[in-house]
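Below is one structure, written out as structure tokens, with a few remarks after it.
For reference, positions follow the sequence shown, starting with 1. In this text the structure is predicted, and so the values were computed from the model without any measurement.
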Amino acid sequence: MKIAVFASGNGSNFEAIANQIRAENNEAELVLLFCDRKQAFVIERSRQLGIPSYSFSPADFTSKTEYEEAILALLQENQIELIVLAGYMRLIGTTLLMAYQQKILNIHPALLPDFPGLHGIRDAFEAQVSQTGVTIHLVDDGVDTGPIIAQEAVSLEVGETLESLERKIHQVEHRLYPIVIQQFIEELEMSKN
């Protein structure tokens, strides 16, 4: 199954996914990275891993539809079957949602439905909850509202700092997301037969 990862920033989840796919040597093939920020470090990570990257900004287009149509053309040209969001900081619009129904995965750094949106880790930390975590879900037209596939809790300890919580969340993300992606692909492949 041909996969595209979408990312906007540092790319640590992208690298964890790429390394796991290579180690597993399975049905998954990470074909490309798409990034909406031309200077993001994830592009350097993709270069180091030998994975083609493509980057263009919504500001280069007259509408979100036009932007997503350009992305869709890229995905179709590369025969992409599954989109994996890994720190992609834009809402997916109708164009991509219609073309990839139930085939766009996202990871969120909180236990949804709590703390959706851009700052899940910070929001949970500031709320002083006893636990937060990581959620992997399918993408729908809401903000972090799609069907949940997997979750793992992370406890907030006495004396926890925002930075220490971020490290703990990222460790769970890097371990959990590649496993869930592989399981999701296996289920999709089985449903084809």
Side-chain angles (χ1 to χ4, degrees), residues 3-24 26 28 30 33-37 39-49 51 53 82-92 102-187:
I3 301 170
V5 172
F6 286 24
S8 297
N10 183 357
S12 62
N13 270 315
F14 164 74
E15 186 170 344
I17 292 163
N19 288 336
Q20 181 72 20
I21 288 173
R22 285 192 174 154
E24 292 288 325
N26 53 31
L30 180 45
L33 165 75
F34 175 76
C35 184
D36 61 325
R37 296 180 182 165
Q39 303 304 317
F41 187 70
V42 69
I43 294 170
E44 174 60 21
R45 287 185 195 261
S46 72
R47 187 191 66 72
Q48 291 173 3
L49 292 166
I51 297 168
S53 67
L82 177 66
I83 298 171
V84 174
L85 307 182
Y88 185 66
M89 303 310 284
R90 297 197 176 277
L91 293 177
I92 300 295
Q102 304 295 303
K103 292 189 179 165
I104 305 175
L105 295 176
N106 186 42
I107 190 163
H108 183 74
L111 292 177
L112 294 173
D114 295 336
F115 310 111
L118 290 177
H119 305 290
I121 299 173
R122 186 189 69 200
D123 294 345
F125 179 78
E126 289 177 355
Q128 290 298 296
V129 293
S130 61
Q131 71 174 11
T132 184
V134 173
T135 301
I136 298 163
H137 65 95
L138 288 168
V139 174
D140 64 10
D141 61 355
V143 177
D144 298 321
T145 57
I148 293 171
I149 297 171
Q151 291 185 305
E152 185 171 317
V154 172
S155 295
L156 278 78
E157 307 298 334
V158 174
E160 190 85 63
T161 65
L162 179 57
E163 293 75 22
S164 66
L165 180 58
E166 287 173 344
R167 281 192 299 275
K168 286 166 44 175
I169 292 285
H170 293 318
Q171 287 174 347
V172 171
E173 288 178 338
H174 297 164
R175 179 181 46 75
L176 184 63
Y177 207 11
I179 292 167
V180 172
I181 292 166
Q182 179 57 38
Q183 291 170 346
F184 188 78
I185 289 168
E186 289 170 3
E187 290 172 14

Closest non-hydrogen atom pair between A28 and I21, with its separation = O-CG2, 3.5 Å
Which residues share a salt bridge (Lys or Arg N to Asp or Glu O under 4.0 Å) with R45, sequence neighbours left out | E15
Just by modelled atom types, is the A124 backbone N or O under 3.5 Å from a matching donor or acceptor in the T132 side chain?
-> no
Do M89 and R37 come within less than 4.5 Å of each other through their side chains, counting heavy atoms only?
-> yes
NZ (K168) with more than 12 external heavy atoms under 6.0 Å | yes
Any luck finding a side-chain donor-acceptor pair between S12 and H174 under 3.5 Å?
-> yes
Any side-chain heavy-atom pair from E173 and P109 closer than 4.5 angstrom?
-> yes
Partners meeting side chain to side chain contact (heavy atoms under 4.5 Å, CB included) with P116 (sequence neighbours left out) | L112, D144
Working to the nearest 0.5 Å, report the span between OH of Y88 and CG of D36.
-> 5.0 Å
Can you find a pair of side-chain heavy atoms, one from V5 and one from I83, that are under 4.5 Å apart?
-> no
Any side-chain heavy atom of V42 within less than 4.5 Å of one from N10?
-> no
Between the side chains of S155 and Q131, is a donor N or O closer than 3.5 angstrom to an acceptor N or O?
-> no
Among E166, R167, E160, which one satisfies side-chain hydrogen bond (donor to acceptor under 3.5 Å, both in side chains) with S164?
-> E160
Are any non-hydrogen side-chain atoms of I185 and I3 less than 4.5 angstrom apart?
-> yes
What pairs with F34 under ring-ring contact (aromatic ring centres under 6.0 Å, His included), at least two apart in sequence or on another chain?
-> F6, F56
What's the shortest heavy-atom distance between H170 and I121, and which atoms?
-> CE1-CD1, 4.3 Å
Between the main-chain N or O of F115 and the side-chain N or O of H108, is there a donor-acceptor pair closer than 3.5 Å?
-> yes
Look at the side chain of R22 and the backbone N and O of L49, then say whether any donor-acceptor pair between them is shorter than 3.5 Å.
-> yes
Nearest-0.5 Å distance, CG of residue L176 to CD1 of residue I107 | 6.5 Å
Could you verify whether a donor N or O on one side chain and an acceptor N or O on the other, from E187 and Q183, lie under 3.5 Å apart?
-> no
Any side-chain heavy atom of L85 sitting closer than 4.5 Å to one from I92?
-> yes
Point-to-point distance, once rounded to the nearest 0.5 Å, from CD1 of I136 to CD1 of I149 = 7.5 Å
How many angstroms lie between atom CG of L91 and atom CG of D141, to the nearest 0.5 angstrom?
-> 10.0 Å
Spacing of I51 atom CD1 and L30 atom CG [to the nearest 0.5 Å] | 4.0 Å
What one should report as the nearest heavy-atom pair of A40 and C35 is CB-SG, 3.6 Å
Value for OG (S46) from CG (L33), rounded to nearest 0.5 Å, stands at 5.0 Å
N/O donor-acceptor pair under 3.5 Å between Q128 side chain and F125 backbone = yes
